[in-house]
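Here is the structure we will look at, set down as structure tokens.
Just so it is clear: chains get the letters A, B, ... in the order the sequence lines come, proteins before strands, and each one is counted from 1.
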2 protein chains.
Amino acid sequence: MQNSFTEENYLKIIHALSGREGVEVSTNALAESTATRAASVTDMLRKLAEKGLIHYKKYQGVRLTGAGEKVAISVIRKHRLWEVFLVEKLGFGWDEVHEIAEELEHIPSDELVERLDAFLGHPRFDPHGDPIPDAKGNLTDPDYLILTDVNVGEKVLMMGVLDHAPSFLQHLDRSGITLGSVLEITEINEYDKSASVRINGTNTLFISLEVSKNLLVQRR
Amino acid sequence: MQNSFTEENYLKIIHALSGREGVEVSTNALAESTATRAASVTDMLRKLAEKGLIHYKKYQGVRLTGAGEKVAISVIRKHRLWEVFLVEKLGFGWDEVHEIAEELEHIPSDELVERLDAFLGHPRFDPHGDPIPDAKGNLTDPDYLILTDVNVGEKVLMMGVLDHAPSFLQHLDRSGITLGSVLEITEINEYDKSASVRINGTNTLFISLEVSKNLLVQRR
DNA sequence: AAAAAAATTTAGACTAACCTAAAAATATAT
DNA sequence: ATATATTTTTAGGTTAGTCTAAATTTTTTT
Ligand SMILES: [Mn+2]
Ligand SMILES: [Mn+2]
Ligand SMILES: [Mn+2]
Ligand SMILES: [Mn+2]
């Protein structure tokens, strides 16, 4: 039997919330992420468990089964490939693509995904720096640092974002911070942990802790 | 309020069945085309009428309203643009794209459609020779001939197909007939109306009436 | 113009995905 | 260790889209 849009969205969200350690996800967390009520989540969990896509014991939270993870990763692969298409080929901004990809990710043709992947040149990362699972379902999270873990004087490469909200991405655009930018922390203010950052060795700007907490970077 | 996948499919099918004269479409015809039962169609017609998308009087058949036609044409535009994308950019065969486009046509972003259209170079026709409505919703059916209306000795250009079934399209592939081929009827058999056709001035082959009836052509 | 056939609508039910309100289980605080 | 608070599940309903069977309307045939 095929999985519905709704089922796929649940699986994707369970995957995201359970993190790389595959920790149990709570009913309330799912209700929050799916913008539904806990009672609705419980209904869906019973269904997903019956289909063998999640491990579920009442009151104990859920984890994906192998089968469930396969579906989740396939949806993530499609989501991220479509985002690359929208940005690289259609010229959308990285702040505009999430919602559209949220729909495109449910189009169900393996052939389509593989051809799209080839057309895009087998990209490894999406426009937000998130890794794209390969055709076999392997998804390896690169272990980036968060900018808050970087010391004054260090130079790092901007590799991704934790917050995908358009408003945050637009803020980065206005600040001139993009994927691949070289960031050097020139100062950290003890009081509020705001920082001064030199971008690509040229202009320097202040960024708040809120921004630092959402920037994924890599030492060079 | 937004239209559902199902509503969009109904509107598209009503548009197709009512032809350019905008003739009334029967409940049974819709049941056939939507692969549902007449009772289900009646339910949906009441809903579409309430939304102002169709003219509907019980037992009288339906026609699209202006608003309904606008939606139908927008769906058709998306369907045909995505088909162009799948064939031109991803290398699918013209016999493989219909089903996928049937899903993609419901992705709801005007921005996406217009960018896709530009990316494809504002194509006028889809891979089956069907005209693509413009961004304003103008759809002009070119008045092609059916090959059965062509006389012996005439040379015509192959411009489109009436039957979109993969099996028919694959049959044309095997015969070497593609959009743009020059067809010259060299003989028509009185008995079964089968014909001999010279393709691009080179090889000649027999085609059945069934095939002739589904080929759209143009005098040069 | 009746009778018969065909098309269409109505009636009553089902499933998926949601909801609110109430009950039950688990976790936290005293 | 109780009592309280929080989380989760159950109970009972709703809407969209479908179904079958029965009733009604329209069309066709005699
Ligand atoms: Mn989605
Ligand atoms: Mn992304
Ligand atoms: Mn469709
Ligand atoms: Mn087509």
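- Judged as a salt bridge (Lys or Arg N to Asp or Glu O under 4.0 Å), the pairs with a partner in residues 96-108 of chain B (not counting sequence neighbours) are, in order, B:Lys12-B:Glu102, B:Lys12-B:Glu105.
- Look at CG on A:Asn9: it is 17 Å from P on C:dA16, rounded to the nearest Å.
- Note: CD (A:Glu32) to P (D:dT7) measures 12 Å, nearest angstrom.
- For B:Arg46 and C:dT10, the shortest distance from a side-chain N or O to OP1 or OP2 is below 4.0 Å.
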Show me, pair by pair, the donor-acceptor contacts under 3.5 angstrom made by side chains of residues 21-30 of chain B, not counting sequence neighbours?
from: B:Glu24; atom 1: OE2; to: B:Arg63; atom 2: NE; distance (Å): 2.9
from: B:Ser26; atom 1: OG; to: B:Ala29; atom 2: N; distance (Å): 3.1

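- Rounded to whole Å, the distance from CE on B:Met44 to P on C:dT10 is 16 Å.
- B:Phe5 comes within contact range of no nucleotide atom at all, as no heavy-atom separation falls under 4.0 Å.
- Atom P of nucleotide D:dT18 and atom CG of B:Leu45 are separated by 12 Å, given to the nearest angstrom.
- Between B:Asn28 and C:dT8 there is a side-chain N or O to OP1 or OP2 distance below 4.0 Å.
- Distances shown here put every side-chain N or O of A:Thr42 at or beyond 4.0 Å from the OP1 or OP2 atom of D:dT10.
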(Q) Protein within reach of the bases, or only the backbone? For nucleotides 20-26 of chain C, mark each nucleotide 5' to 3' as B, S or -, using heavy atoms under 4.0 Å. (A) BB--BSS
Between side-chain atoms of residues 117-125 of chain A and protein atoms elsewhere (two or more places apart, or another chain), which donor-acceptor pairs fall under 3.5 Å?
from: A:Asp117; atom 1: OD2; to: A:Arg77; atom 2: NH2; distance (Å): 3.3
from: A:Asp117; atom 1: OD2; to: A:His122; atom 2: ND1; distance (Å): 2.8

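- Here the C1' atom of nucleotide D:dA16 and the CG atom of B:Asn3 are 14 Å apart, to the nearest Å.
- Centroid-to-centroid, the aromatic rings of B:Phe85 and B:Phe92 stay 6.0 Å apart or farther.
- Scanning for side-chain hydrogen bond (donor to acceptor under 3.5 Å, both in side chains) contacts around B:Glu210 gives an empty result, with sequence neighbours left out.
- Applying the 4.0 Å criterion to OP1 and OP2 of D:dT9, one finds that A:Thr27 has a side-chain N or O inside that range.
- Evaluation of the side chain to side chain donor-acceptor pair (under 3.5 Å) test over residues 134-147 of chain A, restricted to residues two or more places apart or in two chains, returns A:Asp134-A:Asn138.
- The environment of A:Glu32 atom CD is sparse: at most 12 non-hydrogen atoms of other residues, nucleotides or ligands sit within 6.0 angstrom.
- Spacing between atom CD of A:Glu7 and atom P of C:dT15 amounts to 15 Å, rounded to whole angstrom units.
- Spacing between atom NZ of A:Lys57 and atom C1' of D:dT7 amounts to 18 Å, rounded to whole angstrom units.
- Distance, B:Tyr10 OH to D:dT18 C1': 9 Å, rounded to whole Å.
- At the phosphate of C:dT8, neither OP1 nor OP2 sits under 4.0 Å from any side-chain N or O atom of B:Tyr56.
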